[in-house]
Amino acid sequence: MANIYQEQRIAIMTLASPKEASSGEDLGKEIYNFMAELYPICRSITGEGVRETLRAIQKRIPLEMHEVPSGTKVFDWTVPQEWNVSDAYIMNQEGKRVVDFKAHNLHLMSYSSPVRKKMPLAELRPHLFTLPDHPEWIPYRTSYYKENWGFCLRHTDLERLPNDEYDVVIDSSLQPGSLTYGEFYVPGEISDEILVSCHVCHPSMCNDNLSGITVAVKLAETMATRQRRYSYRFLFIPGTIGSITWLALNEQTVSRIKHGLVLTGVGDAGNITYKKSRQGNAEIDRAVAHVLRHSGKTYTIIDFFPYGYDERQYCSPGFDLPVGCFMRAPHGQYPEYHSSADNLDFVKTDSLVQSYAQCLEVWELLEGNRMYMNQNQKCEPQLGRRGLYRAVAGQQEKQWTELALFWVLNASDGRHTLLDIAERADLPFGKIQSAAEALLEVGLLKECQRPRNT
Ligand code: ZN
C-alpha cells in the first residue's frame with residue numbers, strides 16, 4: 001500500500017541534498033518574502049492591521065474572517081474596544097518629529113488612548129519607554145486592558161531630548177467595534193482534527209509573530225493539496241484574548257481536536273524547542289519528540305508551564321487539550337524579543353524551512369500512526385519465500401530493514417501503534433512504517449481499529 005505522504009516525505013528528505021537544496025531555498029525565500037510583505041503593518045489585538053494581515057493571507061489560502069463584537073463575554077474576559085491609529089508623534093519646538101509612529105510602528109505603545117497636548121519633558125517622561133541595555137533598539141509595549149498611552153524609543157534618542165516643551169499627538173480611536181480572527185479549515189477523511197494556532201497581534205516584529213503566521217500559511221497551503229485522514233484547522237488569532245474568544249465560541253466542538261501545535265518564533269537561528277502539552281505524554285508530544293530525536297539536529301524539549309503563548313488557554317484545566325508549542329529560541333529568552341531588533345535580519349530562511357519541514361513530518365507521523373495485527377502470530381513467518389528476507393536485488397533501495405520487519409511483526413498484536421513500536425525499537429518512524437507497508441502487501445498484517453482515547 002502506497003503511503004499517501006510518500007511524496008511529501010521525499011520532498012522533506014531532498015531538502016538536504018545539494019541537487020534539491022534550491023527547492024528548499026525557494027521555499028525559504030517564499031516564506032521570507034511574505035513575511036517582508038506583512039512586516040510594515042501595524043497590528044494589535046483588534047483593528048485594521050489585523051484585517052489587513054488576514055486579507056493578505058486570504059490571497060494564499062481561503063481563510064474565513066470572523067468578527068466578534070466588542071463587549072462580548074468570553075469566559076472571564078470581555079472582547080475589548082477596537083483600537084485603530086492613523087498617526088502619533090512627539091514634536092519639538094522647531095516642529096521636528098523627535099518620535100514618529102510613521103517611521104516605526106513600535107514607537108507607539110499599542111492601545112494608546114488619544115492625546116493632543118503640549119507638555120514639558122517631565123510630564124512626558126513617565127510615558128516614555130526605552131531599553132537602556134540595548135540603547136539602539138525600540139522596545140515593544142502594550143496596554144490593552146488598562147487605559148494609558150505611551151511612546152517607545154531608542155535610549156540614545158531619549159538621552160538627546162532637551163528639557164523642553166513638546167507637542168504630543170496620538171491620533172487613535174478606542175471604540176466599540178470587533179475582534180477579528182481568521183480560520184482555515186481543511187476537511188479530511190475523518191472529523192478528528194489537528195489544530196495549528198498562531199497569534200497575529202504584534203506590529204513590526206518578525207520572529208514573534210510573523211514567522212509563525214507565514215510558516216502556518218505555507219503549511220496550510222501544503223495540507224490543502226494533500227490527501228489526508230485528519231481534518232486540519234488553522235487559526236490566526238490575537239494572542240490570549242483571541243484563543244479565549246475562539247474557545248468560548250467553539251466549546252461544544254473542541255473535543256474534535258486530537259493533536260495541536262501553537263506555532264511561534266520559528267524563524268530565529270536557534271535550535272527547535274518543543275514545549276509539551278499539559279498532558280505531557282499526548283500523542284502530539286510523543287510524535288514531536290520522536291521526529292526531533294531522529295532529525296539529526298540539536299533540539300530541546302521542555303515540560304508544560306502555564307506561561308508563554310496560547311497553549312496557556314488550550315491547556316487550561318477546563319480544556320486540557322493535547323496542544324504543545326513548537327518554537328525555536330524559547331519565548332522571551334533572546335535579547336531581541338519584543339524589540340525592533342526582532343526584524344527581517346533576525347529571521348533566517350533555513351530556520352523557516354526547517355520548522356516547516358519538521359511540522360510536516362510530525363503530521364506525516366500522526367497520519368501514519370496506525371495499528372496492525374500480525375496474521376501469523378505463532379513463531380516468525382518465513383520471510384524469505386515472500387521476498388522480504390535477505391533479498392539480494394534492490395536491497396540498497398528499500399526503506400525498511402529486517403530488524404524493523406521483526407519489530408513490526410512482534411509488536412503488532414492489536415495493542416501497539418506504529419509509534420509505540422518505533423519508540424520501543426528506537427528506529428525512525430518512516431522505517432517502521434515502510435516495514436509495515438511491506439508486510440501489509442504480502443498479507444502478514446491487517447489494520448485494526450485503534451482504541452479511542454477520548
Ligand atoms: Zn510576543
Side-chain angles (χ1 to χ4, degrees), residues 35 38-47 49-50 53-54 57 77 80 83 85 104-112 129-131 133-134 137-146 148 150 152 179-182 196-217 235-246 261-270 272-275 302 304-315 323-347 351-352 355:
M35 186 179 296
L38 300 177
Y39 181 68
I41 302 172
C42 181
R43 282 162 290 268
S44 185
I45 54 170
T46 63
V50 176
T53 302
L54 297 180
I57 296 173
W77 297 59
W83 183 71
V85 56
H104 201 306
N105 60 37
L106 284 179
H107 278 311
L108 182 66
M109 183 166 80
S110 193
Y111 260 68
S112 281
F129 303 95
T130 66
L131 292 168
D133 290 344
H134 297 283
W137 298 357
I138 308 165
Y140 167 52
R141 291 280 184 279
T142 65
S143 188
Y144 301 136
Y145 303 104
K146 181 172 175 275
N148 197 359
C152 303
L179 175 152
T180 314
Y181 70 86
V196 183
S197 176
C198 53
H199 58 293
V200 292
C201 51
H202 288 30
S204 293
M205 281 176 290
C206 283
N207 199 41
D208 179 21
N209 61 188
L210 290 176
S211 67
I213 297 173
T214 50
V215 169
V217 168
L235 295 181
F236 299 88
I237 51 174
T240 309
I241 188 68
S243 51
I244 292 170
T245 300
W246 187 84
L261 289 178
V262 167
L263 210 59
T264 178
V266 291
D268 61 83
I272 289 174
T273 303
Y274 176 68
K275 177 182 168 184
I302 50 180
F304 176 81
F305 57 96
Y307 197 65
Y309 294 100
D310 285 312
E311 68 277 9
R312 293 154 67 169
Q313 314 311 329
Y314 300 119
C315 296
V323 176
C325 182
F326 188 96
M327 54 196 156
R328 301 189 77 93
H331 166 260
Q333 291 186 20
Y334 47 99
E336 294 83 358
Y337 174 78
H338 279 190
S339 83
S340 57
D342 181 1
N343 57 22
L344 287 162
D345 293 331
F346 184 61
V347 287
S351 300
L352 295 166
S355 302

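What's counted below: heavy atoms across the whole structure, side chains too, no hydrogens, waters or symmetry copies. In each ligand, atom 1 is the first atom listed, and ligand 1 is the first ligand listed. Everything numeric here is computed off the predicted structure, so don't read it as measured data.
- For a distance threshold of 2.8 Å, the protein N, O or S atoms nearer than that to the Zn ion (ligand 1), listed by chain and number, are His202 NE2, Asp208 OD2, His338 NE2.
- Under the 6.0 Å cut-off for aromatic ring centres, Tyr144 and Trp83 do not qualify, their centroids lying 6.0 Å or more apart.
- Of all heavy-atom pairs spanning Met109 and Ser143, the tightest one is CE-CB, 3.6 Å.
- Checked by atom type and distance alone, the side chain of Asn105 never pairs as donor or acceptor with a backbone atom of Leu108 at under 3.5 Å.
- Distance check: Leu106 CG to Ile138 CD1 gives 6.0 Å after rounding to the nearest 0.5 Å.
- Contact record, Gly267 with Leu352: CA-CD2, 3.7 Å, taken as the closest heavy-atom pair.
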Open item on the list: One pair to check against side-chain contact (heavy atoms from CB on, under 4.5 Å): Asp208 and Phe346. What are the steps and the verdict?
Closed with: CA-CA 11 Å; Asp208 179 21; Phe346 184 61; over 6 Å; no

